[in-house]
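Written out below as structure tokens is the structure these notes cover.
We count ligands from 1, going down the list as the structure has it; atoms in each ligand are counted the same way. Residue numbers run from 1 in the order of the sequence given.
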Amino acid sequence: MRPDTDALIVIDIQNDFCPGGALAVADGDTIIPRVNALMDEFSTVVLTQDWHPHHHASFAANHPGAAPFSLTEMPYGPQVLWPTHCVQATEGADFHPGLATDPAHLVIRKGFRPQIDSYSAFFENDRRTTTGLDGYLKARGITGVTLVGLATDYCVAYSALDAVRLGYSVRVLLGACRAIDLNGSLAAMTEQMRAAGVALED
Ligand code: VGL
Ligand code: ZN
């Protein structure tokens, strides 16, 4: 077992991020057996769930003429316009059926505000609006977080960088993550995590 002060945070292992899904991450489902096994080592397990309304501003379909994976400007900065994914109460937003959800102590939903995207488990993309996860972890005496899930270069990396900023000791198990890798985003975000002091392990 890991110390009681360590939490496992499992990022967005949902149907739409797995092969066959609307924003499929290559081999996204192959990490699931390892993630399930890791849950047994932690006394606190948190799952995150990307949970968008159909009219969400991060969807290319809601920007006439915009191509999926193009960039736009939001009031809070640049934003990738994604294929429509993880729409609330659809099968794409469900956790992958192979993911063990019974061991989870908390499920954090994010990205439900129509005008603001949310990659990180801690803050929405304005980096100010909180999901409440920091309060939950601090109230439970958690000082270290281990991150796994999808996608390495978006939701996992943003969560890791915020966790460092919030004072946690942060570990990302890259072997239990898979990336979207849009225009070099995997290399760029891996370097940002390394520079911030995230422990990158297999
Ligand atoms: C994610 C893009 C859009 C992720 C979520 O889970 O990494 N990426 N929404
Ligand atoms: Zn999303």
Side-chain angles (χ1 to χ4, degrees), residues 8-32 35 46-63 66-72 74 76-96 99 101 104 107-127 129 131 133 145 147-163 170 172-174 176-190 192-193 198:
L8 179 68
I9 304 181
V10 178
I11 304 290
D12 297 3
I13 303 187
Q14 296 167 255
N15 288 324
D16 270 344
F17 295 124
C18 290
L23 181 43
V25 179
D27 295 329
D29 55 340
T30 62
I31 63 175
I32 292 172
V35 170
V46 176
L47 310 181
T48 69
Q49 191 172 25
D50 214 33
W51 193 249
H52 301 305
H54 64 86
H55 57 298
H56 196 255
S58 78
F59 295 164
N62 294 324
H63 298 256
F69 304 106
S70 62
L71 264 183
T72 190
M74 296 286 198
Y76 52 82
Q79 167 73 49
V80 177
L81 292 176
W82 300 107
T84 299
H85 65 278
C86 296
V87 174
Q88 295 170 5
T90 65
E91 196 183 339
D94 286 346
F95 290 113
H96 186 285
L99 183 72
T101 55
V107 176
I108 284 277
R109 288 177 168 166
K110 61 186 181 64
F112 49 75
R113 291 179 179 82
Q115 297 307 325
I116 176 165
D117 206 3
S118 186
Y119 296 151
S120 164
F122 293 96
F123 293 100
E124 312 232 326
N125 284 10
D126 62 359
R127 312 309 281 269
T129 306
T131 64
L133 179 58
V145 296
L147 293 157
V148 297
L150 307 172
T152 319
D153 42 345
Y154 285 94
C155 292
V156 174
Y158 277 68
S159 300
L161 293 170
D162 280 346
V170 184
V172 170
L173 303 182
L174 292 171
C177 299
R178 289 294 181 276
I180 294 175
D181 203 11
L182 188 60
N183 303 319
S185 55
L186 178 59
M189 296 311 290
T190 303
Q192 277 196 44
M193 288 193 279
V198 174

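Between D126 and M74 there is no side-chain heavy-atom pair separated by less than 4.5 Å. I31 is listed as a side-chain neighbour of L150, based on a closest heavy-atom distance under 4.5 Å. Contact check for L133 versus I9: side-chain heavy atoms found under the 4.5 Å cut-off.
The closest protein non-hydrogen atom to atom 1 (C) of ligand 1 is C155 SG, 3.2 Å.
D153 contributes a side-chain N or O that, together with a main-chain N or O of D181, makes up a donor-acceptor pair within less than 3.5 Å. Side-chain N or O atoms of D27 include none that pairs as donor or acceptor with a backbone N or O of T30 at under 3.5 Å.
In this comparison of W82, Y158, Y154, the heavy atom closest to atom 2 (C) of ligand 1 sits on W82.
Contacts of V80 with ligand 1, taken as heavy-atom pairs under 4.0 Å, are absent altogether.
Between Q14 and ligand 1 there is no heavy-atom distance shorter than 4.0 Å.
Using a 4.0 Å cut-off to heavy atoms of A151, the atoms of ligand 1 that qualify are 4 (C), 6 (O), 7 (O). Those atoms of ligand 1 that come under 4.0 Å of a heavy atom in D50, given as number and element, are 5 (C), 9 (N). Distances below 4.0 Å separate heavy atoms of D12 from the following atoms of ligand 1: 4 (C), 6 (O).
Excluding water, every protein N/O/S atom under 2.8 Å from the Zn ion (ligand 2) is given here by residue and atom: D50 OD2, H52 NE2, H85 NE2.
Salt-bridge check for R178 with D29: failed, with every basic side-chain N at 4.0 Å or more from each acidic carboxylate O.
Taking the six-membered ring where the residue is Trp, the centroids of H85 and F17 are separated by under 6.0 Å.
Applying side chain to side chain contact (heavy atoms under 4.5 Å, CB included) to S118 and the options K110, H52, H56, R109 leaves one that passes, K110.
In this view, Y158 and Y119 satisfy the ring-ring contact (aromatic ring centres under 6.0 Å, His included) rule, not counting sequence neighbours.
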